[in-house]
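Per chain, numbering begins at 1; letters A, B, ... match sequence-line order.
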There are 2 protein chains.
Amino acid sequence: MKKNYTITDLAIRLGISKSTVSRALKDHPDVNMATRAKVKALAEELNYQPNLLASGLASKKSYIIGVIVPEISQQHFFAKVLEGIQHEAKEQGYSVMICQSDECFEEEVNQAQILRNNRAAGVLISLSRETQSFKHIENLKNSGVPVVLFDRTVSELPVSQVVVDDYKGAFELTHYLLEKGYRDIAYLSGPMSLEISRHRYEGYLQALRDYDINTADSRVYECLKLSSDVKEAVRKMLLEPKHPEAIMCVHDYMAVEVVRYLKERNIQVPQDIAVTGFAGDPVTDIITPTITTMKQPAYEMGRAATAQLIKEINAEDWDEVPAIKKVFDTVLQIKASTR
Amino acid sequence: MKKNYTITDLAIRLGISKSTVSRALKDHPDVNMATRAKVKALAEELNYQPNLLASGLASKKSYIIGVIVPEISQQHFFAKVLEGIQHEAKEQGYSVMICQSDECFEEEVNQAQILRNNRAAGVLISLSRETQSFKHIENLKNSGVPVVLFDRTVSELPVSQVVVDDYKGAFELTHYLLEKGYRDIAYLSGPMSLEISRHRYEGYLQALRDYDINTADSRVYECLKLSSDVKEAVRKMLLEPKHPEAIMCVHDYMAVEVVRYLKERNIQVPQDIAVTGFAGDPVTDIITPTITTMKQPAYEMGRAATAQLIKEINAEDWDEVPAIKKVFDTVLQIKASTR
DNA sequence: ATGAAAGCGCTAACAG
DNA sequence: CTGTTAGCGCTTTCAT
């Protein structure tokens, strides 16, 4: 088991001081070309590996970006955002520490603390569906750790945010259905605790209103747990005298559930009932029928959030970089689940 | 912006020494109950947060487990393994630092180094498809960082491994097809650079041999890049005088591609050609027809790999914990893509 | 049961 | 351009 060499080791072998070694290694300007070369050569030879704990401790800087996402295995969106985050971070010399809250508030708080204790330079968060209190976010900021929220955010929070225009997305999607002649459009909402759920719902409502449709009549179901809630909601709809002409879902994975359930019940999509999703998950292209959806630019959101975070990390000396809100547009993808 | 309190701050306010505070905080046995209580109370009050960089540096210990996966957005398997890893790690008091190699060797080496420089306590790796050299893994071990490989491993490496019996899985799957009467079974392989690809291929071959089928005749295509390779391979098959009765795919995502392409060409699955996958990705239940596959216990593999890693981390004082190889069985899931 | 002191590996003034 | 000197915040003998 080989020893891990330190700058002191290098210094001794070269007969120079630690500081010079340290400077040489990080290409500090005022260090003689010759010595720099010597140091680097030896470092290479001995396979010197800097101890980032030590350097972080001494410099009070770190190159780790923490990320907290609700989950990664159900929603392709998050996986794709992570890809964007990692690419942007890497390009700017940062590493990424990914944590999952499992949609659990307590766990989110926990992860935030761990990230903070590991002295992450900054943290990116997409809120769990349970999150209603934001002390953990304040704590981070108060400790000097910049935070950028993405996708699942809370507008009022004084932190930068990277989102999609959920209201507009849902509005446009509903509008599209209305133009196509659908009138009786049911809506499967996500948990109203999430701002994005509320925004999408609002967009849906407004579009209906623009068509003078009495929204009081429209069927809206809030689905918390996945599969069971969705099936239950659809089952109820089908019991009513007249089933809806279309079912809008707050998320692709719900739309998938709906389509599967309708198929099970031998109801044709879109002939009998149309279905739409939201997110642009690849699965919407795989299922039969393919599902009309609103694509979110996940990868770009990840990059943007990270770029902003790093900006705040760097600017931190002169504190108070204004919190920005970056809003991406969604793109309507018309597929076979609507006609 | 609040100050981050240190144990020194606590010590001064309580009029006791740093060491006592340190001990009290980590429930060291020989520290008076009363003082311990006082310390903890103050820590709570001031919202003291330990600096893990400092403690890691001083103790030469860390509670971070590094993970390197090829990617997370395409294969549900990896996302699920990560879930298992995180749960197990959390239960044992570890945090997880996830990195993606993006199927790129250079990046994998890079991430390994970053993890090492951040003094990860141990590292879990699933190899990129490019990886042919293993110096980065030796480097980790040589630096005293235990490594456990999972899924994409290399048997010869002297490190613990957590895998599925790929040979057996493919063998059984092929056997199942043969029993069902299929004889002309084409095979879409993954990159032969990966051991799992080779093992699955071997299992396929052996099953054919057991049925006295001339394997020289069987059509095998190695697919490297996803979509294009798969389509090309299937296109070729269809140009031949007689198309295969079944197409086995090394992975569910390939099977999905195949099914989509066959549908595009108006070829019935399974009536004209049967298709099978491997992994047990949820998408195999969503696509029409649903795809027969071999389920891998991803979550359990994640947990097992992590448990083993932590065992090695802890045992490390008395070095040379024997490297183990944990082999999980796969489960055949018969669905609509075969009859 | 507690304190003093040394040091983990590195950075960063400050001198020269 | 380079060396000296202090720490960063915490752990850990070794005394007491």
Side-chain angles (χ1 to χ4, degrees), chain A residues 2-40 42-43 46-64 116-121 143-145 317, chain B residues 2-40 42-43 46-64 116-121 143-145 317:
Chain A
K2 285 181 251 170
K3 178 182 159 55
N4 264 319
Y5 293 99
T6 71
I7 50 169
T8 310
D9 295 326
L10 301 190
I12 293 174
R13 295 188 190 223
L14 291 169
I16 61 179
S17 77
K18 279 192 334 185
S19 354
T20 304
V21 174
S22 174
R23 289 186 191 106
L25 255 17
K26 39 183 42 179
D27 292 314
H28 189 100
D30 43 46
V31 54
N32 184 7
M33 290 286 270
T35 45
R36 179 182 314 186
K38 277 200 305 188
V39 171
K40 290 203 167 179
L42 185 63
L46 299 184
N47 189 21
Y48 163 78
Q49 298 293 338
N51 183 328
L52 265 28
L53 298 186
S55 88
L57 178 59
S59 66
K60 291 174 173 305
K61 276 182 198 153
S62 110
Y63 290 89
I64 292 184
R116 180 176 162 204
N117 293 351
N118 278 298
R119 294 301 182 266
S143 311
V145 182
D317 304 325
Chain B
K2 285 182 250 168
K3 178 182 161 51
N4 265 318
Y5 293 99
T6 70
I7 51 169
T8 309
D9 295 324
L10 300 190
I12 293 175
R13 296 191 189 220
L14 291 169
I16 60 179
S17 77
K18 279 194 328 186
S19 351
T20 304
V21 174
S22 174
R23 290 187 190 106
L25 254 16
K26 37 184 42 180
D27 293 315
H28 189 101
D30 44 45
V31 54
N32 184 8
M33 290 285 271
T35 43
R36 180 183 312 186
K38 276 199 306 189
V39 172
K40 288 202 169 180
L42 185 63
L46 298 184
N47 188 22
Y48 163 78
Q49 297 293 338
N51 183 328
L52 265 28
L53 298 187
S55 87
L57 178 59
S59 67
K60 293 176 173 304
K61 276 184 198 149
S62 110
Y63 290 89
I64 292 184
R116 180 176 162 202
N117 294 349
N118 278 296
R119 294 301 182 266
S143 311
V145 182
D317 306 326

Give a yes/no answer on whether the side chain of [X] brings an N or O atom under 4.0 Å of OP1 or OP2 in [N].
X: A/Lys60; N: D/dG9; result: yes
X: A/Tyr5; N: C/dC10; result: no
X: A/Lys61; N: C/dT11; result: no
X: A/Asn32; N: D/dT2; result: yes

Tell me the interatomic distance from [X], atom [atom1], to [N], atom [atom2], rounded to whole angstroms.
X: B/His28; N: C/dA1; atom1: NE2; atom2: C1'; value: 10 Å
X: A/Asn117; N: D/dC10; atom1: CG; atom2: C1'; value: 13 Å
X: A/Ile7; N: D/dG3; atom1: CD1; atom2: P; value: 13 Å
X: B/Lys38; N: C/dT2; atom1: NZ; atom2: C1'; value: 12 Å
X: B/Lys26; N: D/dG9; atom1: NZ; atom2: P; value: 16 Å
X: A/Leu53; N: D/dT11; atom1: CG; atom2: C1'; value: 14 Å
X: B/Leu57; N: D/dC10; atom1: CG; atom2: C1'; value: 8 Å
X: A/Asn51; N: D/dC10; atom1: CG; atom2: C1'; value: 14 Å

Item to complete: Using modelled atom types only, decide if a donor and an acceptor are shared between the side chain of B/Asn32 and the backbone of B/Ala34 within a distance under 3.5 Å.
Response: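 Judged by distance alone, yes, a pair lies under 3.5 Å.
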Item to complete: Return yes if some donor-acceptor pair links the side-chain N/O of B/Ser62 with the main-chain N/O of B/Ala121 below 3.5 Å, else return no.
Response: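 Yes, B/Ser62 side chain to B/Ala121 backbone: donor-acceptor pair under 3.5 Å.
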Worksheet item: Does A/Lys40 come within less than 4.0 Å of A/Asp27, counting only side-chain N to carboxylate O?
Response: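 Between A/Asp27 and A/Lys40 there is a salt bridge, with a charged N closer than 4.0 Å to a carboxylate O.
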Worksheet item: Which is true for A/Asp30 with a 4.0 Å heavy-atom rule: it touches a base, it touches only sugar-phosphate, or it touches nothing?
Response: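 It contacts base atoms.
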Practice prompt. Please report the shortest heavy-atom distance between A/Ala11 and A/Lys18, naming the atom on each side.
Written response: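 It is CB-N, 3.7 Å.
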For the residue pair [X] and [Y], confirm or rule out a side-chain donor-acceptor distance under 3.5 Å.
X: B/Arg116; Y: B/Ser143; answer: yes
X: A/Thr20; Y: A/Ser17; answer: yes
X: A/Asn51; Y: A/Gln49; answer: no

Item to complete: Could you work out which one of D/dT11, D/dG9, C/dA12 sits closest to the side chain of B/Ser55?
Response: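 Selected nucleotide (nearest to the side chain): D/dT11.
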Worksheet entry | Within residues 10-24 of chain B, residues whose heavy atoms come under 4.0 Å of DNA chain D |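 The answer is B/Lys18, B/Ser19, B/Ser22, B/Arg23.
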Practice prompt. Hey, which sits more toward the 5' end of DNA chain C by its nearest nucleotide, B/Arg119 or B/Pro29?
Written response: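 Counting from the 5' end, the first nearest nucleotide belongs to B/Pro29.
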